[in-house]
2 protein chains.
Amino acid sequence: MDDRELRAFTSIAEFGRMDLAAKELGYSQPALSYQIRRLESALGAALLTRGPTGVELTIAGQLILPTARATLVLIEGMKQTAGVADRRR
Amino acid sequence: MDDRELRAFTSIAEFGRMDLAAKELGYSQPALSYQIRRLESALGAALLTRGPTGVELTIAGQLILPTARATLVLIEGMKQTAGVADRRR
DNA sequence: GGTTATTACGATGGACGTAATGATC
DNA sequence: GATCATTACGTCCATCGTAATAACC
């Protein structure tokens, strides 16, 4: 599992649409679609129901969303901590 | 950043050696070395000091270790949650 | 010389963009 | 037919193992 996939998921959850999330993150639409499929595969569950008007979160998607956000916060924290520690070496 | 890299880091931190961690995780020694370099690159900081007797954690490595473990716990939680939710769909 | 980590290199699979297709309104 | 997502396909980079090298006890 990659943090880019988590970012893709949280962004899609906010927009309710893949195309906007793709634009926001700087990916093409197929690339983002691929990332979500990768994440679903890693988690063993469908996260979104797709449609021509956008996407909706499945139950599983709704349940993991807060943890996905928390995970991204931890990762950001590690980056900051590591960067600061390295600079003071 | 990938969760395999975090697992590699925590395992190396526990053993204090890369070869044992590699064996535990089912990777070759070069593969694990590569994963750590990737993680260091993603974090922008050196995590280990390498030597012929094993490795030691840098300050940055010591600081992020608890957060790395916490991140892995969250990821495991997402897998469990998603799996259970998907099964009850 | 034995132990541990890195470098070199070739092979396989992953991740991406563009273009084309599918589906729904 | 416009909109949003997926599939197809080609390309480039990531990741791995094996083999060779480097460094320290």
Side-chain angles (χ1 to χ4, degrees), chain A residues 1-62 65 68 71-72 75 79 86 89, chain B residues 1-62 65 68 71-72 75 79 86 89:
Chain A
M1 187 186 314
D2 199 291
D3 64 335
R4 287 171 307 173
E5 298 164 1
L6 293 178
R7 265 179 255 281
F9 174 61
T10 58
S11 181
I12 291 170
E14 280 162 24
F15 283 114
R17 283 168 47 184
M18 281 202 190
D19 61 329
L20 294 183
K23 179 169 280 190
E24 160 125 327
L25 297 172
Y27 290 110
S28 70
Q29 228 171 60
L32 209 66
S33 176
Y34 178 72
Q35 288 185 7
I36 292 297
R37 268 189 294 138
R38 285 276 301 174
L39 181 58
E40 290 178 323
S41 166
L43 291 173
L47 299 176
L48 306 171
T49 58
R50 283 92 160 158
T53 72
V55 299
E56 281 184 14
L57 296 188
T58 61
I59 305 290
Q62 294 174 35
L65 180 56
T71 303
L72 288 173
I75 289 173
K79 283 185 187 170
D86 203 62
R89 190 163 31 152
Chain B
M1 187 187 313
D2 198 292
D3 63 336
R4 286 171 307 171
E5 297 164 1
L6 293 178
R7 263 179 257 281
F9 174 61
T10 57
S11 182
I12 290 171
E14 280 161 24
F15 284 114
R17 281 168 47 183
M18 282 201 188
D19 62 329
L20 293 182
K23 179 169 276 187
E24 160 125 328
L25 297 171
Y27 290 110
S28 69
Q29 228 173 58
L32 209 67
S33 176
Y34 177 72
Q35 289 184 5
I36 291 297
R37 269 189 293 139
R38 286 278 300 174
L39 180 59
E40 290 179 321
S41 165
L43 291 173
L47 299 176
L48 305 172
T49 58
R50 284 91 161 159
T53 72
V55 300
E56 281 185 12
L57 296 188
T58 62
I59 306 290
Q62 295 174 35
L65 180 56
T71 303
L72 289 172
I75 289 173
K79 282 185 186 168
D86 203 62
R89 190 162 34 151

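All values below were derived from every heavy atom in this structure, side-chain atoms included, with hydrogens, water molecules and symmetry-related copies excluded. In what follows, chains are A, B, ... by sequence order, proteins preceding strands, each numbered from 1.
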Just the rounded figure in Å: distance from P of C:dA5 to CZ of B:Phe15.
12 Å
For B:Gln29 and D:dA22, what is the distance between atoms CD and C1' respectively, to the nearest whole Å?
13 Å
Separation of D:dC13 P from A:Asp2 CG (nearest whole Å):
18 Å
Within this structure, what is the CG-to-P distance between A:Leu32 and C:dG14, rounded to whole angstrom?
19 Å
Could you tell me whether the phosphate oxygens of D:dC16, OP1 or OP2, come under 4.0 Å of any side-chain nitrogen or oxygen in B:Gln35?
yes
Out of D:dA14, D:dA8, D:dC24, which nucleotide sits closest to the side chain of B:Arg38?
D:dA14
Side chain of A:Ser28 only, heavy atoms from C-beta on: which candidate in C:dT18, D:dA23, D:dA14 is closest?
C:dT18
Of the nucleotides D:dT15, C:dT4, C:dA15, which has the atom closest to the B:Asp19 side chain?
C:dT4
D:dT6, OP1 or OP2 - any side-chain N/O from A:Ser33 closer than 4.0 Å?
yes
Value in whole Å for how far the P atom of D:dC16 lies from CD of B:Glu5:
9 Å
With a 4.5 Å heavy-atom cut-off, do B:Arg50 and B:Met18 have their side chains touching?
yes
Could you tell me whether A:Lys23 and A:Asp19 make a salt bridge, using a distance below 4.0 angstrom between a side-chain N and a carboxylate O?
no
A:Ile12 CD1 to D:dA5 C1', in whole Å, measures 10 Å
Side-chain N or O of A:Arg17 less than 4.0 angstrom from OP1 or OP2 on D:dA5?
no
Indicate, with a heavy-atom threshold strictly under 4.0 Å, whether B:Gly16 touches base, sugar-phosphate, or nothing.
nothing
For A:Thr53 and A:Ala31, take the nucleotide of DNA chain C holding the closest heavy atom to each; which residue's nucleotide lies nearer the 5' end?
A:Ala31
Can you measure B:Lys23 atom NZ to C:dT4 atom C1' for me and round it to whole angstrom units?
13 Å
A:Leu20 and A:Glu24: CA distance, side-chain angles, deciding distance, side-chain contact (heavy atoms from CB on, under 4.5 Å) verdict:
CA-CA 6 Å; A:Leu20 294 183; A:Glu24 160 125 327; over 6 Å; no
Quick one: does B:Thr71's side chain get under 4.5 Å of B:Met1's, heavy atoms only?
no
Check whether any side-chain N or O of A:Arg50 sits under 4.0 Å from OP1 or OP2 of D:dC4, and answer yes or no.
no
If every non-hydrogen atom of A:Ala21 is compared with every non-hydrogen atom of A:Ile12, which pair is closest and at what distance?
CB-CG1, 3.6 Å
Does C:dG17 have its OP1 or OP2 closer than 4.0 Å to a side-chain nitrogen or oxygen of A:Tyr27?
no
Does A:Tyr34 make a side-chain N or O approach to OP1 or OP2 of C:dG14 shorter than 4.0 Å?
no
Check whether any side-chain nitrogen or oxygen of B:Arg4 sits under 4.0 Å from OP1 or OP2 of D:dC16, and answer yes or no.
yes
Starting at CD1 of A:Ile36 and ending at C1' of C:dC16, how long is that distance when rounded to a whole Å?
15 Å
